[in-house]
Trainee: 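Can you read through this structure? Questions will come right after.
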Amino acid sequence: MTDKSFIVVADKFEAFTEGKAAITLSHLKTMISLPKTVLPGPMRIIPGQGVSDEEVEEILSTIEAADPPEQQRWNISALRRLSVRAACALSHKHNPENTLIAKPVKVDDENFVVDLRIDQNCEFMNDHQSGQHVQGMVLVEAARQAFLAVTEEFFLKEADQKFFFVINSMQTTFQGFVFPIAASIQYRVITKDINNRRQRFVVEIDTVQSDEVKATTTFHFTVYPNQLIAEKEALMAETALKFALMRSKTLETSVAAN
């Protein structure tokens, strides 16, 4: 018997499920609670976007803890193969739900692949989600995290110090909507200029879904030893503060004169 397949997405992507072989996480939980006589199988669960790591683990644990006939009703092999979310140290985030990517995979010295792993509880979806597609700023942030993660994992991992990333420029072009199903980031190093003082990169990042490029972001960025940039940043911050105080005093004097 062939499995009936459906994609599970986070509740915030409910609009995407209408009229499709897709369901929300809440819907899946209800289905799992129904007896086999009401909802026979086999059924294949395919992970979509927005579901957190904890929710994936909960689904797996619930099904794996059931009796054998119940386990056979659900094909969870795709859930088990879900790529591992990148560590916060790679994405430069404190909360795991704000990491939008999986751990990067090296293809060769200039090419890398990073799966998109959106959690609906991330900071970019807390206050805005409309329609069926993934918002553009989520994709831009995922691309930004990709260059951080690739650089940290494959260019800085052996260095015994912390680094500071500076974006010199970025440009994004959108070619189509990205929907809450499987998608990946194709990462290419266009140029790299590395010396003892800093590392400078130009990278091109394609967000790919259904074998089509949906968005392309180009980053020019530089990586400095943290101590070097921290000293420079502190000096610039002090200069900016002095200007702001002087500007405020000048405005107060002007208002008083009038």
Trainee: side-chain contact (heavy atoms from CB on, under 4.5 Å) between Trp74 and Leu28: does it pass, once the steps are laid out?
Mentor: CA-CA 11 Å; Trp74 303 98; Leu28 174 62; 4.1 Å; yes
Trainee: What I want to find out is whether Lys106 reaches Glu153 closely enough, with some N-O distance under 4.0 Å, to be called a salt bridge.
Mentor: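 Judged by the 4.0 Å cut-off on N to carboxylate O distance, Lys106 and Glu153 do not form a salt bridge.
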Trainee: Taking transitive links into account, so neighbours of neighbours count too, which hydrophobic residues share a cluster with Val208 at under 4.5 Å side-chain distance?
Mentor: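 Val208 shares its hydrophobic cluster with Val213.
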Trainee: Scan side-chain atoms only and decide if Gln209 and Thr207 contain a donor-acceptor pair under the 3.5 Å cut-off.
Mentor: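 Side-chain D/A pair, Gln209 to Thr207: absent.
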Trainee: Quick check against the 3.5 Å criterion: does Arg85 have a side-chain atom that pairs as donor or acceptor with the backbone of Arg117?
Mentor: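 It does hold such a pair.
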Trainee: Counting distance only, does the side-chain N/O of Gln71 pair as donor-acceptor with the main-chain N or O of Ala66 below 3.5 Å?
Mentor: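 Answer holds: yes.
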Trainee: Strictly distance-based, threshold 3.5 Å: is any side-chain N or O of Glu55 a donor or acceptor partner for the main-chain N or O of Ser52?
Mentor: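 Pair found, side chain donor or acceptor close to backbone of Ser52.
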Trainee: Is a donor on one side and an acceptor on the other found under 3.5 Å between the side chain of Thr62 and the backbone of Glu58?
Mentor: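 The answer is yes, because a donor-acceptor pair under 3.5 Å joins these two groups.
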Trainee: Is it the case that the side chain of Ser33 and the backbone of Thr30 share a donor-acceptor pair, with hydrogens and angles ignored and the cut-off at 3.5 Å?
Mentor: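 Pair found, side chain donor or acceptor close to backbone of Thr30.
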Trainee: Test side chain to side chain donor-acceptor pair (under 3.5 Å) on Thr173 and Gln171 and set out the steps.
Mentor: CA-CA 7 Å; Thr173 303; Gln171 180 178 356; 4.6 Å; no
Trainee: How long is the span from the CZ atom in Phe201 to the NE2 atom in His220, to the nearest 0.5 Å?
Mentor: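 Those atoms lie 13.5 Å apart.
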Trainee: Between CD of Gln49 and CD of Gln120, what distance do you get to the nearest 0.5 Å?
Mentor: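 Interatomic distance, Gln49 CD to Gln120 CD, rounded to 0.5 Å: 11.5 Å.
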Trainee: Once rounded to the nearest 0.5 Å, what's the spacing between atom CZ of Arg144 and atom NE2 of His92?
Mentor: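 Arg144 CZ to His92 NE2: 8.5 Å, rounded to 0.5 Å.
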Trainee: Specify the closest pair of heavy atoms between Ile32 and Arg73, including all atoms of both residues, with the distance to one decimal.
Mentor: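 Ile32 and Arg73 have their closest heavy atoms at O-NH2, 3.5 Å.
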Trainee: Centroid-to-centroid, Phe112 to Phe154, below 6.0 Å?
Mentor: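 Between Phe112 and Phe154, the centre distance is under 6.0 Å.
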Trainee: Do Asn75 side-chain atoms and Pro42 backbone N/O form a donor-acceptor pair below 3.5 Å?
Mentor: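 It does not hold such a pair.
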Trainee: Heavy-atom count check: over 12 atoms from other residues, nucleotides or ligands less than 6.0 Å from Lys103 NZ?
Mentor: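 At most 12 heavy atoms, drawn from other residues, nucleotides or ligands, come within 6.0 Å of this atom.
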Trainee: Measure from the side-chain N and O atoms of Arg188 to the backbone N and O of Asp206, and report whether any donor-acceptor pair falls under 3.5 Å.
Mentor: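 Not at all, since once roles are kept as given, no pair shorter than 3.5 Å links the two residues.
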Trainee: Without swapping roles, check the side chain of Asn95 against the backbone of Asn98 for a donor-acceptor pair under 3.5 Å.
Mentor: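 The answer is no, because no donor-acceptor pair under 3.5 Å joins these two groups.
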Trainee: Which value, rounded to the nearest 0.5 Å, describes the distance between Lys162 atom NZ and Leu156 atom CG?
Mentor: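 Interatomic distance, Lys162 NZ to Leu156 CG, rounded to 0.5 Å: 13.5 Å.
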Trainee: Within a reach of under 6.0 Å around CD of Glu70, are more than 12 heavy atoms found that belong to other residues, nucleotides or ligands?
Mentor: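 It does: Glu70 CD has more than 12 such atoms within range.
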Trainee: How many angstroms lie between atom CD of Gln145 and atom CD of Glu141, to the nearest 0.5 angstrom?
Mentor: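 So the CD of Gln145 and the CD of Glu141 are separated by 4.5 Å.
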Trainee: By the rule that ILVMFWY residues connect when side-chain heavy atoms come within less than 4.5 angstrom, directly or transitively, which residues belong alongside Leu241?
Mentor: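 Leu245, which link up through side-chain heavy atoms under 4.5 Å apart, make up the rest of the cluster.
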Trainee: What's the separation between atom CG in Leu139 and atom NE2 in His133, rounded to the nearest 0.5 Å?
Mentor: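 These two atoms lie 8.5 Å from each other.
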Trainee: Do the non-hydrogen side-chain atoms of His27 and Thr17 ever get within less than 4.5 Å of each other?
Mentor: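 No, too far: nothing below the 4.5 Å cut-off.
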